[in-house]
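Computation of the quantities below employed the complete heavy-atom set of this structure, encompassing side-chain atoms and omitting hydrogens, waters and symmetry-equivalent molecules.
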Amino acid sequence: MPPLSAGNKNLDKASSPQTIGKQSIIFGEAGGVSVNYSFFRHKVAKIMLLLFPSKTICAMWKVYALLSALFAALTAICAKVGVKNINSDLATAIRTSVILILTWGIVFFGKHQTEVREISHHTWLFLILSGVATGLSWLFYFKAIQIGDVSRVAPSTS
């Protein structure tokens, strides 16, 4: 994907290696979690370009994209802190259980559970493949942030 630009400013510079670690916060004890602000600024810049292009009306997908970026940033921080003292596979299982309860709660609250019978075999196949890919992605992501610097891992997975 080409770098985003707003006028003459290259917004992709926020995630360059030169900026890694320049604007970070330290959570926890000595040697704690380092979080790179440039990653979050880059996400916000992407969303701002989506939200405020020249003279267009804001659609709901843009609001969802902004919320997605916000929660993705929180995920990186919380995951690094949460995986600090436990096995990364166990951390992924706990996180997945929370997601499972949350999403099925939303399905039942919206009374969409009966729609399961209407899902085609083709759709089932690709949802299952997507689930396998997501699960493997999360397992590798949690392992990467457990042993690596979240300010370098999170931008590479976005």
Side-chain angles (χ1 to χ4, degrees), residues 1 4 11-12 14-17 19-48 50-51 59-158:
M1 183 166 87
L4 295 171
L11 298 177
D12 207 31
S15 60
S16 70
T19 62
I20 300 293
K22 282 185 180 176
Q23 296 182 6
S24 61
I25 355 172
I26 305 298
F27 292 95
E29 304 142 18
V33 180
S34 174
V35 178
N36 184 335
Y37 268 143
S38 64
F39 165 69
F40 303 115
R41 281 186 294 146
H42 182 69
K43 288 280 190 194
V44 170
K46 281 182 175 180
I47 301 302
M48 294 306 286
L50 293 174
L51 285 174
M60 276 309 291
W61 71 268
K62 294 176 184 179
V63 174
Y64 292 138
L66 179 61
L67 290 171
S68 173
L70 171 70
F71 287 111
L74 291 173
T75 297
I77 295 168
C78 294
K80 179 65 177 182
V81 175
V83 76
K84 187 175 181 180
N85 296 319
I86 66 170
N87 176 276
S88 63
D89 296 335
L90 176 60
T92 302
I94 293 169
R95 173 187 179 191
T96 304
S97 299
V98 170
I99 293 167
L100 185 70
I101 293 166
L102 177 68
T103 54
W104 276 109
I106 292 169
V107 168
F108 282 106
F109 182 76
K111 297 182 172 109
H112 299 288
Q113 65 273 17
T114 58
E115 297 170 24
V116 170
R117 292 179 286 221
E118 300 167 15
I119 299 173
S120 72
H121 292 292
H122 182 263
T123 300
W124 271 112
L125 173 66
F126 282 94
L127 288 175
I128 290 168
L129 291 173
S130 173
V132 169
T134 299
L136 291 171
S137 170
W138 289 352
L139 288 168
F140 292 125
Y141 175 77
F142 266 59
K143 188 54 126 179
I145 65 170
Q146 185 177 45
I147 61 177
D149 182 10
V150 72
S151 66
R152 292 178 183 221
V153 174
S156 69
T157 60
S158 62

Under 3.5 Å: donor-acceptor pair, side chain of Lys80, backbone of Gly148: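 Judged by distance alone, yes, a pair lies under 3.5 Å.
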Side-chain (Ser68) to main-chain (Tyr64) donor-acceptor, under 3.5 angstrom: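 Looks like no, no N/O pair under 3.5 Å.
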Pairwise side chain to side chain donor-acceptor pair (under 3.5 Å) hits with a residue in residues 117-126, at least two apart: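 Non-adjacent pairs meeting side chain to side chain donor-acceptor pair (under 3.5 Å): Ser120-Thr123.
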Partners meeting side-chain contact (heavy atoms from CB on, under 4.5 Å) with Ser137 (sequence neighbours left out):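 Result, side-chain contact (heavy atoms from CB on, under 4.5 Å) vs Ser137: none returned.
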Inter-residue atom distance [X].[atom1] - [Y].[atom2], 0.5 Å rounding:
X	Y	atom1	atom2	value
Lys84	Gln146	NZ	CD	11.5 Å
Trp138	Asp89	CH2	CG	14.0 Å
Leu90	Phe142	CG	CZ	10.5 Å

Side-chain donor-acceptor distances from residues 91-112 under 3.5 Å, at least two apart:
| from | atom 1 | to | atom 2 | distance (Å) |
| --- | --- | --- | --- | --- |
| Thr92 | OG1 | Ser88 | O | 2.9 |
| Thr96 | OG1 | Thr92 | O | 2.7 |
| Ser97 | OG | Ala93 | O | 2.9 |
| Thr103 | OG1 | Ile99 | O | 2.8 |
| Thr103 | OG1 | Leu100 | O | 3.3 |
| His112 | ND1 | Glu115 | OE2 | 2.8 |
| His112 | NE2 | Gly110 | O | 3.3 |

